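One structure is given below, encoded as structure tokens.
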Amino acid sequence: GPLEEVSIPLYFGWFLLFSVKNKIKCTSMDFLKTLDTLDAFKKHSVDSEKEVDLEQYFKPAGILHCTTKFCDYGKAEGAKEYAENQAVIKSYGSISDLSLSAFFVTPRTCGARVYLTEEQLQLWPADAEKQAEPVPEAAASLPLGSRAHITLGCAEGVEPVQTGIDLLEILAQQESQQGELVEEMELGSLTYYGEGKWLLNLREPICVPACFSSIYG
Ligand code: ACK
């Protein structure tokens with residue numbers, strides 16, 4: 001009936017606890033600031049004459065989270081099955097640590113890569129990587145969980161769904177060793193993947209506690 005339908009949320013995911021939100025925002029701001037000042041960044045910029053202020057360029061994302069399943073209130077493929085999955089029901093409301101392994105920036109989005117544990121992968125839909133629209137070439141063969149990310153910001157007019165697609169594209173390029181190592185930074189190694197795509201692999205992953213839950217609004 002209609003009640004059953006409304007009980008499926010917009011999406012499920014891990015939501016960063018309030019106490020760590022500022023830490024992630026500050027670290028990602030630091031990353032953007034550093035990137036802004038690099039000569040290599042200016043060189044690869046679309047318009048090398050124009051200064052780009054990345055902190056202004058990206059509009060901050062709303063709720064910091066890592067989407068597991070976008071359900072669209074039940075309209076998305078596999079939404080009901082996911083909501084009824086035993087692992088999902090059992091883990092609902094539980095807190096675990098998310099391991100952030102990289103930050104990335106493209107002309108469209110800015111995000112953090114999330115490295116999932118075996119246990120967290122139980123909550124990861126089997127088709128998450130293949131469902132990306134459009135599917136970046138070679139992304140379908142990437143390991144399960146490759147798309148896991150936190151959207152930190154989007155350029156004007158860009159939807160957050162783009163962040164995971166951008167990450168898949170970068171990882172597919174990483175897989176075929178297309179990147180150009182640009183700089184060893186304090187936080188980790190910075191690689192350029194062409195067309196304004198940057199990824200900073202963190203030397204030390206950042207661990208942040210998050211609650212597995214869902215959003216209806
Ligand atoms: O940044 P995100 O992971 O990208 O978090 C938001 C969240 O759901 C609410 O919009 C993600 N999202 C939106 N559409 C899709 C989709 N078709 N597939 C996967 N994730 C999606 C979006």
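Order of appearance sets the numbers: ligands from 1, and atoms from 1 within every ligand. These values consider heavy atoms only, across backbone and side chains, with no hydrogens, waters or symmetry-generated copies. What you see is a predicted model, and the numbers here were worked out from it, not measured in a lab. Position 1 is the first residue of the sequence; numbering continues from there.
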_SB check Arg203 Glu184 (cutoff 4.0 Å)_ = yes

Write out each pair where an N or O from ligand 1 and one from the protein are under 3.5 Å apart, with the distance.
{"unit_1": "ligand 1", "atom_1": "1 (O)", "unit_2": "Thr151", "atom_2": "OG1", "d": "2.4"}
{"unit_1": "ligand 1", "atom_1": "3 (O)", "unit_2": "Thr67", "atom_2": "OG1", "d": "2.8"}
{"unit_1": "ligand 1", "atom_1": "3 (O)", "unit_2": "His149", "atom_2": "NE2", "d": "3.0"}
{"unit_1": "ligand 1", "atom_1": "4 (O)", "unit_2": "Pro160", "atom_2": "O", "d": "3.4"}
{"unit_1": "ligand 1", "atom_1": "4 (O)", "unit_2": "Val161", "atom_2": "N", "d": "3.4"}
{"unit_1": "ligand 1", "atom_1": "5 (O)", "unit_2": "His65", "atom_2": "NE2", "d": "2.9"}
{"unit_1": "ligand 1", "atom_1": "5 (O)", "unit_2": "Thr67", "atom_2": "OG1", "d": "3.0"}

*Are any side-chain N or O atoms of Thr117 and backbone N or O atoms of Gln120, one a donor and one an acceptor, separated by less than 3.5 Å?*
yes

*asked:* Give me each pair satisfying side chain to side chain donor-acceptor pair (under 3.5 Å) with a member in residues 19-28, each pair once, sequence neighbours excluded.
replied: none

_Is any side-chain heavy atom of Leu167 closer than 4.5 Å to one of Arg147?_
no

*Spell out, yes or no, whether Trp14 and Leu144 are grouped together once hydrophobic residues are joined by side-chain heavy atoms under 4.5 Å, including indirect joins.*
yes

*asked:* Could you check whether Thr106 and Tyr193, counting side-chain N and O atoms only, form a donor-acceptor pair closer than 3.5 Å?
replied: no

